[in-house]
Amino acid sequence: MKIAFIGNFEAEFSTENYHKKTFEALGHEVVCFQENRTHVRDIVPVAVNYDLLYWTHTHGWKIGTDSDVKIMLSDLKKAKIPTVGYHLDLWMGLAREKDIHNDPYYRSIEHFFTVDKLMADWLNANTKTKGHFLPAGVPESECFIGTPNLKKYPHEIIFTGAKNYHPEHKYRGQLIDWLHRTYGDRFAHYGGGGKETIRGKELNNLYASAKIVVGDTLCKNFTYPEYLSDRFFEVPGRGGFMIFPYIQGADRHLEPNEEVVFYEFGDFSDLKIKIDHYLVDDKNREEIRIKGFNRAKADHTYEQRIKELLKVIFP
């Protein structure tokens with residue numbers, strides 16, 4: 001299959017680059033268009049001769065006027081070339097939800113795959129775009145257990161990710177500050193606002209070195225269901241032991257107390273009980289870590305996600 005792919009390929013560890021590598025590993029040909037450096041007029045002559053237009057759209061970036069985008073997507077549909085969008089982030093209930101109403105991408109593309117089930121449901125109920133729920137995953141090439149390096153990464157408890165997150169989710173900063181206050185030098189934060197950001201295969205070594213990786217995901221009022229950040233799959237898929245806030249639907253992807261440990265979202269007392277227990281329960285912690293890794297490798301890689309996506313588009 002030949003795929004015309006619009007996205008941000010300049011960032012080495014972007015979703016686009018992981019998906020591109022996955023398509024190619026599955027035997028497909030991919031031609032890439034860097035979204036902030038291209039125009040509809042460059043894309044259409046290629047896409048009309050390909051089997052699929054795949055577009056991972058970045059907020060605020062343009063490939064032409066709204067009219068240009070609508071015409072391109074309409075013409076490709078008439079030519080029976082599927083147009084597919086995908087994104088890892090949450091839109092509903094945030095300031096950027098206005099994109100769904102104002103950007104023709106969301107209402108003119110034929111299929112939109114999202115890790116937010118409520119967004120998929122909303123698209124199906126309110127637009128002509130076919131919404132599909134497809135959770136995040138872990139890259140195949142980085143789904144392995146790393147090598148501990150306690151000299152480089154001596155901390156027992158870690159958090160990875162930017163501290164200054166969406167203004168609608170102030171909990172992230174509160175969580176990191178609480179971990180610092182509660183565990184002192186036993187805790188380290190890697191990412192924006194903390195130590196250096198670790199990416200790629202070195203991230204696996206970081207996770208292998210820590211006893212506990214504390215997770216987080218954007219969740220309005222701690223009640224928003226069926227949306228999980230990619231770290232929910234990446235941490236176990238890269239060999240880390242994870243304590244994650246419980247989100248409705250999360251237990252369908254990883255088995256509680258077997259492959260992941262959940263705590264009640266927003267409840268630092270519950271989180272402390274879980275952290276303190278698993279800091280000393282080496283045997284059970286290791287069993288959960290290995291089972292979580294095996295589950296992620298078996299069920300939650302990008303290769304599996306892309307295969308599922310293609311089955312929907314080409315049944």
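Throughout, numbering of the chain's residues begins at 1 and tracks the sequence.
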Inset, instruction - Determine whether more than 12 heavy atoms belonging to other residues, nucleotides or ligands lie under 6.0 Å from atom NZ of Lys274. - result: yes
Legend entry - Whether Trp178 and Phe268 hold their rings parallel, tilted or perpendicular, with breakpoints at 30° and 60°: parallel
Legend entry - Check: Phe232 ring centroid to Tyr227 ring centroid under 6.0 Å: no
Inset, instruction - To the nearest 0.5 Å, tell me how far Ile43 CD1 sits from Ile63 CD1. - result: 4.0 Å
Inset, instruction - Please name the pair of heavy atoms, one in Leu73 and one in Ile109, separated by the smallest distance, quoted to 0.1 Å. - result: CD1-N, 3.6 Å
Legend entry - Nearest non-hydrogen partners of Arg238 and Gly200, listed with the distance: NH1-O, 2.9 Å
Legend entry - Polar side-chain atom of Asn17 near backbone of Phe13 as donor-acceptor pair, under 3.5 Å: no
Legend entry - Test log, rule side chain to side chain donor-acceptor pair (under 3.5 Å), inputs Thr301 and Glu140: CA-CA 6 Å; Thr301 65; Glu140 221 86 13; 3.0 Å; yes
Inset, instruction - Side-chain contact test, heavy atoms from C-beta onward, threshold under 4.5 Å: evaluate it for Trp91 versus Leu118 and give yes or no. - result: no
Legend entry - N-O pairing of Glu142 and Lys21 below 4.0 Å: no
Legend entry - Distance (rounded to the nearest 0.5 Å) between Asp230 CG and Tyr302 OH: 5.5 Å
Legend entry - Atom pair CG (Leu206) and OG (Ser209), whose distance is rounded to the nearest 0.5 Å: 6.5 Å
Legend entry - In one Ile/Leu/Val/Met/Phe/Trp/Tyr side-chain cluster, 4.5 Å: Val260, Ile273: no
Inset, instruction - Mark yes or no: Arg305 above the aromatic ring of Phe113, with NZ or CZ under 6.0 Å from the six-membered ring centre and no more than 45 degrees from the axis. - result: no
Inset, instruction - With the side chain counted from C-beta on, respond yes when Asn8 and Trp61 share a heavy-atom pair under 4.5 Å apart, and no when they do not. - result: yes
Inset, instruction - Step by step, work out the side-chain contact (heavy atoms from CB on, under 4.5 Å) result for Tyr183 and Ile275. - result: CA-CA 10 Å; Tyr183 293 101; Ile275 290 175; 3.4 Å; yes
Legend entry - Rounded distance (nearest 0.5 Å) linking atom OG1 of Thr129 with atom CH2 of Trp122: 9.0 Å
Inset, instruction - Decide yes or no on salt bridge (charged side-chain N to carboxylate O under 4.0 Å, His left out) for Lys163 and Asp177, but give the supporting numbers first. - result: CA-CA 9 Å; Lys163 181 178 181 180; Asp177 288 344; 2.6 Å; yes
Legend entry - Side-chain ion pair, Lys291 and Glu258, N-O less than 4.0 Å: yes
Legend entry - NZ (Lys170) with more than 12 external heavy atoms under 6.0 Å: no
Inset, instruction - Please name the pair of heavy atoms, one in Gln304 and one in Ala296, separated by the smallest distance, quoted to 0.1 Å. - result: OE1-O, 4.3 Å
Legend entry - Minimum-distance pair of heavy atoms, taken over all atoms of Val40 and Val69: CG2-N, 4.5 Å
Legend entry - Over 12 non-hydrogen atoms of neighbours within 6.0 angstrom of NZ in Lys311: no
Legend entry - Short side-chain donor-acceptor distance under 3.5 Å, Asp51 and His28: no
Inset, instruction - Taking atom CG of Asp185 as the centre, report whether more than 12 heavy atoms of other residues, nucleotides or ligands fall under 6.0 Å from it. - result: no
Inset, instruction - Could you tell me whether Arg289 and Glu286 have a side-chain N and a carboxylate O separated by less than 4.0 Å? - result: yes
Legend entry - Exercise: do Asp99 and Tyr105 side chains pair donor with acceptor under 3.5 Å: no
Inset, instruction - For Tyr207 and Glu234, test the side chains for any donor-to-acceptor distance below 3.5 angstrom and give the result as yes or no. - result: no
Inset, instruction - Mark yes when over 12 heavy atoms from residues, nucleotides or ligands other than Lys130 sit less than 6.0 Å from its NZ; otherwise mark no. - result: yes
Legend entry - Distance, nearest 0.5 Å, that separates CD1 of Ile313 from NE2 of His132: 5.0 Å
Inset, instruction - Could you give me the CA-CA distance, side-chain angles and deciding distance for Lys117 and Asp121, then say whether salt bridge (charged side-chain N to carboxylate O under 4.0 Å, His left out) is met? - result: CA-CA 6 Å; Lys117 184 178 184 299; Asp121 293 343; 3.0 Å; yes
Inset, instruction - Return yes if some donor-acceptor pair links the side-chain N/O of Asp281 with the main-chain N/O of Tyr278 below 3.5 Å, else return no. - result: no
Legend entry - Taking every non-hydrogen atom, the tightest pair across Gly146 and Ala208: O-CB, 3.5 Å
Inset, instruction - Evaluate the criterion side-chain contact (heavy atoms from CB on, under 4.5 Å) for residue pair Leu218 and Tyr224; output intermediate values, then yes/no. - result: CA-CA 9 Å; Leu218 202 164; Tyr224 194 90; over 6 Å; no
Inset, instruction - State plainly whether one hydrophobic cluster holds both Val115 and Leu310, where clusters connect Ile, Leu, Val, Met, Phe, Trp and Tyr through side-chain heavy atoms under 4.5 angstrom apart. - result: yes
Inset, instruction - Give a yes or no answer on whether the side chain of Thr22 reaches the backbone of Tyr18 with a donor-acceptor pair at less than 3.5 Å. - result: yes
Inset, instruction - Could you state whether Val213 and Leu150 fall into the same hydrophobic cluster, counting links through intermediate Ile, Leu, Val, Met, Phe, Trp or Tyr residues with side-chain heavy atoms under 4.5 angstrom apart? - result: no
Legend entry - SB check Arg96 Glu168 (cutoff 4.0 Å): no
Inset, instruction - Report the residue from Asp251, Ile288, Val261 that forms a side-chain contact (heavy atoms from CB on, under 4.5 Å) with Pro256. - result: Asp251
Legend entry - Residues, nucleotides or ligands: over 12 heavy atoms within 6.0 Å of Lys220 NZ: yes
Inset, instruction - For the pair Asp270 (side chain) and Glu264 (backbone), establish whether a donor and an acceptor sit closer than 3.5 Å, ignoring hydrogens and angles. - result: yes
Inset, instruction - Look only at the side chain of Thr83 and the backbone of Glu110, and say whether a donor-acceptor pair between them is shorter than 3.5 Å. - result: yes
Inset, instruction - May I ask whether Val138 and Tyr86 are part of the same hydrophobic cluster, defined by side-chain heavy atoms of I, L, V, M, F, W, Y residues being less than 4.5 angstrom apart, directly or through others? - result: no
Legend entry - Minimum-distance pair of heavy atoms, taken over all atoms of Glu259 and Arg295: OE1-NH1, 2.8 Å
Legend entry - Donor-acceptor contact below 3.5 Å, side chain Glu35 vs main chain His57: no
Legend entry - Phe314 and Pro82, any side-chain heavy atoms less than 4.5 Å apart: yes
Inset, instruction - Indicate if Phe133 and Tyr54 have the same hydrophobic cluster label, given that clusters are the connected sets of ILVMFWY residues with side-chain heavy-atom separations under 4.5 angstrom. - result: no
Inset, instruction - Scan for side-chain hydrogen bond (donor to acceptor under 3.5 Å, both in side chains) pairs involving residues 190-200, sequence neighbours excluded, and state none if there are none. - result: none
Legend entry - Spatial distance of atom NZ (Lys20) from atom CD1 (Ile306) [nearest 0.5 Å]: 13.0 Å
